[in-house]
Chemist: 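The structure follows.
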Amino acid sequence: MIKLVQYVAMVSLLAACSQKSEPNALVLPVSNTIEVTNTDSNDSILLKAAHVVPTANQYEALQNEFIAFIHFGPNTFTRMEWGNGMEDPKIFDLQNLDTDQWCKAMKDAGMKMVIFTAKHHDGFVLWQSRYTEHGIMSSPFKDGKGDVLMELSESCKKYGLKLGVYLSPADLFQIENKDGLYGNLSDYTERTIPRQVEGRPFENKTTFTFRVDDYNEYFLNQLFELLTEYGPIHEVWFDGAHPKRKGGQTYNYLAWKELIRALAPKAVIFGKEDIRWCGNEAGKTRDTEWNVIPYQDDPDQMNSFADLTDESLGNREDLYKGKFLHYQQAETNTSIREGWFYRDDEDQKVRSTDDVFDIYERSVGGNSTFLLNIPPNRDGEFSPTDVTVLEEVGQRISETYGSNLLIGAKGPKGILGNDLASFELLGPGAQEVVIETNAPITLNRLAIQEAINTHSERVEKHALDAWVDNTWKEIAAATNIGYKRILRFPEVTTQKLRIRILESRFHPAIASVSAHYYKARPPQLSIERSVEGAVTISPKKDSFGWKPHGEDIAGNINSGYNIRFSTDGSEPTTASEIYNLSFIIPSGEVKAVAEVNGKLGSVTSELFGIVKKDWKPVGEDSFEGDHAAINAFDGNPETYWSSADKSRKNYINIDLGKEYAITGFTYTPQTSSSEGMIERGVVRISTDGKSWENVEDFQFGNLINDPTTRTHMFKSKIKARYIGIESKVIAGNGKTSAIAELDFLLD
Ligand code: FUL
């Protein structure tokens, strides 16, 4: 960290400096964390922020750009999002495992690393741990001799992928089991890590001594195994979620960190000071993702880290409030499937290639890393649809970004070319960079990178112009750049480009500019249905069919297409009916695809339940303000029912207007806050709307982090006209219940 004296001297130098002076004359040493002192002004805080840089490991992690997550374990077999820790290990009945197939697919997608759930919240371990029997050693997989992590580690070496591990601090097996170590109120005493186990010596002879309790000792012993016996580990992933806690258990993260830094010197730590969660699990990206983040304490000394979910984290006003400025990059994590674990190939939706590619451009091109989860199925493989999407995404990435249209162009040397270590240091105020090509080029993407490892992230606002019809025309504008900004815009043909830096924290160092062309595909569609049952199909509403990520863009390239659709569950083809007008369906699945010149885009499907126009509320236990029960079935997920009663046992009952044979229901939680998410409940029915009978329990996991629509299919069809939902457990220990939307499904 930079010392105060050094720093004050440098700030005075800066004050004496004119715009034209050589910035090298006032070099402030760069550092991963810089302390703010009470003599700092807003300007000097900004100057400090402009010298906060990633560590070598963080920088390498950023350069991975696209990485994989694998969620695999008992949940794959029970089809639950969160296990309860009491699962019989025999449930992990894996007959085949093909980690080579996983690695080939990840490699084809252009991914550089894979992070594996060695232990999820249920506490089941997928490697041969010496410290528990709750894992694959007690499962039928290879007669208890198998080791999923070992097989993955070998495949990673074969395919040239780096490996990371997810070790859940929350551990339901250690909470629920009677000799469990989690929250067992054991004393803090000196413990040697690793604890030796007879017949299983470690090749790595390093030992550590920490003053910890039983659960932290268990955790450290397991970390030791993971970090010493599975090849170099490049990322350690600590999840912040806790389905349950016990005994006031705390975590000695500073001890965990000491062990990780010693045993895995190339690893970055997620959920702590190296890498932060992007704040959602839906693949949303911020318009402006700063990685220099203000802290109140020195992150290097902190034992726990809060999730940073605010929209704005590191703009000027945020920085002025910090006592420490620290480089902590974001990881954009989401799943290729609905949910983190594999459930089935019939109902569980898989993201389209368009969708994944869009997130890739917004996250990698938005100063973060894209961490995409692909959950293997019960045959130990990635399902075919997932493999196809990965292959197509890989093709699109290399087709679009594998070559640079500016090769051979004239412009600042430090910027053109592939070497990120060379850069062009610009002046502090408004600046321009002009690049001229030898012949006209047609582009619709521009990638810009700052030399963040030596000069931090400094650009705050920039615009791109193209020379068209003898004049400069602005084609895109955005805020920060950082590691990488990908600008997306309608295609333009030009021989001259101009980047204007409009605002910056200090002299920006631009390391690279490259131009690209993305071959447009038929647009992604969205399917909606009114409360009356009228279905409309149209291109997704965002400009270009993409979600914007901070570009100021105009125009639309979605034109000249047909929409083909089906309502019988079949995949639409070029021979399917053409959609012209909205149509009515009583319930069922609509699938639609856009077609351009005989080429099909990605299929969108939407499952619609019973039309709700004749539904009536027949009582709720209570409601808060204007959140009456009717809001739970008005077709608008923005409005919701919320109970006033805080007993956790709340209900709403509905008259569907006539009797139906119902196959299941979907629950959409309200998302204006994390209140009222129904984790467990019961479905009940009535023949007269007065006396009620419970028919089936349901359970949904991970609602707070991932508040998307959940589906519960009934064991067998339920015939009912009067149907109700009663809550039993609310996520995050909540007390009231809320429902944004309920749908009841038919065959
Ligand atoms: C969440 C967990 O609760 C999910 O199960 C998943 O592991 C995701 C990556 O993080 O917080």
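Counting starts at 1 for both ligands and their atoms, following the listed order.
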Chemist: What protein heavy atom sits nearest atom 3 (O) of ligand 1, and how far away is it?
Modeler: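 Here the closest protein heavy atom is His121 NE2, 2.8 Å.
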Chemist: Taking only heavy atoms of Phe69 into account, list the atoms of ligand 1 that are under 4.0 Å away from them.
Modeler: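 Once the distances to Phe69 are compared, the set is 9 (C).
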Chemist: Kindly say whether the aromatic ring centers of Phe341 and His121 come within a distance under 6.0 Å.
Modeler: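 Ring-ring flag for Phe341/His121: false, centres at least 6.0 Å apart.
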Chemist: Can you confirm whether Arg362 sits close enough to Glu289 that some side-chain heavy atom of one is under 4.5 Å from a side-chain heavy atom of the other?
Modeler: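 Result no, sub-4.5 Å side-chain heavy-atom pair not found.
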Chemist: List the closest protein heavy-atom neighbour of atom 10 (O) of ligand 1: residue, atom name, distance to the nearest 0.1 Å.
Modeler: Asp239 OD2, 2.5 Å
Chemist: Please determine if Trp82 has a nitrogen or oxygen closer than 3.5 Å to a nitrogen or oxygen of ligand 1.
Modeler: yes
Chemist: Quick check, are the ring centers of Phe238 and Phe305 under 6.0 angstrom apart?
Modeler: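 When the ring centroids of Phe238 and Phe305 are compared, they turn out to be at least 6.0 Å apart.
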Chemist: At less than 4.0 angstrom from any non-hydrogen atom of Asn705, what atoms of ligand 1 do you find?
Modeler: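 Here the atoms of ligand 1 in question are 1 (C), 11 (O).
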Chemist: Check ligand 1 against Asn702 and write out every atom of the ligand that is under 4.0 Å from a heavy-atom position of the residue.
Modeler: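 What qualifies from ligand 1 is 3 (O), 4 (C).
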Chemist: Is there any N or O on Tyr166 that sits under 3.5 Å from an N or O of ligand 1?
Modeler: yes
Chemist: Out of all atoms in ligand 1, which are within 4.0 Å of some heavy atom of Ala241? Include the element for each.
Modeler: 3 (O), 11 (O)
Chemist: Ignoring angles and geometry beyond distance, decide whether His120 reaches within less than 3.5 Å of ligand 1 through its nitrogen or oxygen atoms.
Modeler: yes
Chemist: Show your reasoning for whether side chain to side chain contact (heavy atoms under 4.5 Å, CB included) applies to Leu308 and Trp277.
Modeler: CA-CA 7 Å; Leu308 303 179; Trp277 181 40; over 6 Å; no
Chemist: May I ask you to establish whether Lys119 and Tyr166 are in a cation-pi arrangement, using a distance under 6.0 Å from NZ or CZ to the six-membered ring centre and at most 45° from the ring axis?
Modeler: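 The answer is no; the distance or angle limit is not met.
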Chemist: For Arg378, look at atom CZ and say whether over 12 heavy atoms of other residues, nucleotides or ligands are found less than 6.0 Å away.
Modeler: yes
Chemist: Got an N/O contact under 3.5 Å between His71 and ligand 1?
Modeler: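 Looking only at distances, the answer is yes, because the N/O contact criterion of under 3.5 Å is met.
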Chemist: Any heavy atom of Phe341 closer to ligand 1 than 4.0 angstrom?
Modeler: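 The answer is no, since Phe341 has no heavy atom less than 4.0 Å from ligand 1.
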Chemist: Run the numbers for me: atoms of ligand 1, each under 4.0 Å from some heavy atom of Glu281, listed by number.
Modeler: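 Contacts of ligand 1 toward Glu281, numbered from 1: 1 (C), 8 (C), 10 (O), 11 (O).
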Chemist: About how many Å separate CD of Gln101 and OG of Ser155, when rounded to the nearest 0.5 Å?
Modeler: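 Output value for this atom pair is 10.5 Å.
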Chemist: List the atom pairs, with distances to 0.1 Å, where a side-chain N or O of residues 85-92 and a protein N or O form a donor-acceptor pair under 3.5 Å, not counting sequence neighbours.
Modeler:
{"unit_1": "Glu87", "atom_1": "OE1", "unit_2": "Gly85", "atom_2": "N", "d": "3.0"}
{"unit_1": "Glu87", "atom_1": "OE2", "unit_2": "Asn84", "atom_2": "N", "d": "2.7"}
{"unit_1": "Asp88", "atom_1": "OD1", "unit_2": "Lys90", "atom_2": "N", "d": "2.9"}

